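A short worksheet on the structure shown next.
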Amino acid sequence: MPLLKRKPFSLVEPPEDLESSELVYQVRFTKEIFKDYLEYLNRINLYRRRVWVCKVTGKTSLTYEEALVSEKRAAEKVQQFPKELMAPSLCIIQYSTLSLKDLADKIAEKLRHHLFVGAELYGRKDNDLFPCKISKVLEEAPEKIQYEVTWLDKNKKVMENSLVNGEDLVHKKLPFSRAVLKSFIRESTYRSAPWVLHDKLAQHHGISTDPPEELRSQVFFKDGQVVCYKKRRKNEEDSKSGMEVKKESGKNKRKKIDGERFGVAIMEKENDRPVEEPIKYPIDDLLVQPGPDDPIFPDRPSPLRDFNVPMDCVGDLLMVWDFCSSFSRLLHLWPFTFEDFENAICHKDSSPILLVESHSALLRLLIKDDGEYLLAVEKRNRKLKITQINWTEYLCDFLELMQLPELCTYIATIKRGHYGLLDAHAKLGILRELINKVLQTDIFREKLDDVIEQWQELGATRRGEALEEARKKREEKEHSKAESDANGLTDQKCLENIENVAANDNLSKQNGHIEKKGKGEVLSYQQGNASGTCDNNFLSTAPKKAKKQNLDVEAPADNGKDSRKEGLKYLKDDKKEETERSNKEQRREFYEREMEKRVIRTNPLGRDRHCNRYWWPRRDGRIFFESSDSKEWGYYSSKEELDALMGSLNIKGERERALKKQLEKFHSRICWRIPVHICTSLCVCSAELQKRSKVLAHKIALEEAVLRRSTRVRAPPRENPANAFLRYVNKWKED
């Protein structure tokens, strides 16, 4: 069994007063049974935490299930341990105080020279080593043992038998690895330092369970298991010192605090109260308790439920519409909105073109598949062309082929031409069965295979670009690091040059002062030539000063040019970075759009703490709500409702954290799909939505201007948007 904090963990016993008809919660991998759901959740969360240790291999940071799998695999490897070596190995293990590594090394060294029947090794023959297998041990004397061996060829086939001495047999390696040996040691013992074998295992191999003389003063038996005196005495001394420190009135503040800590630990131990550990979030949502640092969560908005169809039909309605919209190209069916499909299902005056084309598209695909439906149609000698007049005949053929009692009752009504009189349950049931049959066709499966291949290719291309980008960043980082190191060296050299120049300047100043003194002395003796020399010196130094001034004047101009060049260079670099960044974003959006086009199935965005599911069909701007039992449905249709829903989610829970992450990821795209009239009435701040509302307002203004051209001309009535499904035309219809 896996270990918790290096100690065995006991499972929960099954309840005694359990009735056969009572509903319970069972842990899959431990078979534990719980009546209370919260107790079941607590135990599941404990098993999911990475605090478990594999008892056989010693691996840490595992979940309970991972530790079970690790123990199972290790036990299978331990079973491969040679039975002939078990007894000598267990004798070395019993009451050994070595560490696991040292003990394994000791056993391996001892077993290297242990020969037994069935061992495969190498023997010397004709001054060479050949593989052989011991078939019999012949002991003539305690010091002289001979072995009958079977010589093997490269394919391990028997060649011949002969007798060899023990010194002529060579072990190149053990028949097991060190990891298997360590697992064998852990599996055979119930404690370490000293290692003590399980009683049944020791008795089976005839190994004494009495501790040796040198350990009798250190260990004792308690409940049939060996316990060390040392640890017990240490714990008792710690507890006594803790109580004494707790009773003292603080001479030393530090001792008083330590004493209080010891006292708390002892009280918790006496009351069997576990030490409270800080909770690591996220956890199961139902276990999350409100905390003082939590933000104020707004009330979760209640979803709208104004569906035209019965509540138990909303799931089928959404599924059929999503399938027809997602695979409209394959079906040659022009896409339609969810509202139009819902109104068409509820329409009873006639058979709307939208439903006629939907049924016809599905039936055409079944005919193309060359399956049993095509055979059924050919038996009735029908033409393989479905029209708006004869589509009900093909639909009745399908229902007769399926032979479903709940749908066969509608065949008579459909044949009389009263398909529109069927209720929503019947219409959606027929469409659901048609879709289930289409899903089984070879045409649809080939389409799915192509979509999956394209999806994988896009994913591989995107991953390749990401890896290439990461490689370039890594190279740029290494290049910049190398440049910084080189600049550091040049800066150091520059500093040394500056120091040398400064030292030379000081020396030159000192020399110049001495020269002036010397000249002054000469001038004092030769006063006649003094004026001439001075004038000459002045004339000779003036041009030099002028040149220096010109150089000083020209230097700032050059610096100004360099600064302008550097500024332009920085602007170019910034523009280059912006274009690269925009290109990356465009590429990412491109991949997301292309992968969305290749639809395989629609998955829910996530679940809240009560396991209610939230769906977002990519071709609609609403978030659909589904209760955990799939009996209640609703939707959120505005940005404000979406923001309120996101604000009510607590990220401390696993489910609501994942749901909020998905909502944040698709937030902008969901808002873009929200209908314009809803957005304008709620004053949505999105730039794209405002642009769409302005365009719509401009169109309405133009229409009103046209309609107001004369009071004597009667304006045409506006078309009711609720009847838009009656004007549906399938623009992708096959000829």
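No hydrogens, no waters, no symmetry mates; every other heavy atom, side chains included, goes into these values. This structure is a prediction, so every number in the text was calculated from the model and none was measured.
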Problem set entry | For His359, all residues meeting ring-ring contact (aromatic ring centres under 6.0 Å, His included), sequence neighbours excluded | Trp391, Tyr419

Below 6.0 angstrom between ring centroids: does that apply to [X] and [Y]?
| X | Y | answer |
| --- | --- | --- |
| Trp52 | Phe9 | yes |
| Phe336 | Phe341 | yes |
| Trp616 | Phe666 | yes |
| Tyr614 | Tyr635 | no |

Exercise. Do Asp340 and Arg727 meet the salt-bridge criterion of a basic N to acidic O distance under 4.0 Å?
Worked result: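 No salt bridge links Arg727 with Asp340.
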
Problem set entry | His667-Asp643 side chain donor-acceptor pair, cut-off 3.5 Å |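 Yes, because at least one side-chain N or O of His667 sits under 3.5 Å from a partner of the opposite role on Asp643.
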
Problem set entry | Exercise: do Asp285 and Asn650 side chains pair donor with acceptor under 3.5 Å |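 Distance-only check fails for Asp285 and Asn650.
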
Problem set entry | Enclosure of Glu13 CD (heavy-atom neighbours >12, cutoff 6.0 Å) |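 12 or below, so no.
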
Exercise. When you look at NZ of Lys661, are more than 12 heavy atoms from neighbouring residues, nucleotides or ligands closer to it than 6.0 Å?
Worked result: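 Open.
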
Problem set entry | From CA spacing to verdict: ring pair (Phe, Tyr, Trp, His ring centres under 6.0 Å), Phe624, Tyr636 | CA-CA 7 Å; Phe624 287 89; Tyr636 299 103; 10.0 Å; no

Please find the pair of heavy atoms, one from [X] and one from [Y], that lie closest to each other, and give the distance.
| X | Y | value |
| --- | --- | --- |
| Ser70 | Cys54 | OG-SG, 3.2 Å |
| Val356 | Ser360 | O-OG, 2.7 Å |
| Asp322 | Pro617 | OD1-CB, 4.1 Å |
| Tyr728 | Pro335 | CE1-O, 4.1 Å |

Problem set entry | Residue pairs, two or more places apart or on separate chains, that pass ring-ring contact (aromatic ring centres under 6.0 Å, His included) and touch residues 426-446 |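 Checked against ring-ring contact (aromatic ring centres under 6.0 Å, His included) - neighbours excluded - the pairs reaching residues 426-446 are Phe323-Phe444, Phe327-Phe444.
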
Problem set entry | Worked check of salt bridge (Lys or Arg N to Asp or Glu O under 4.0 Å) between Lys427 and Glu342 | CA-CA 11 Å; Lys427 293 177 181 177; Glu342 183 181 14; over 6 Å; no

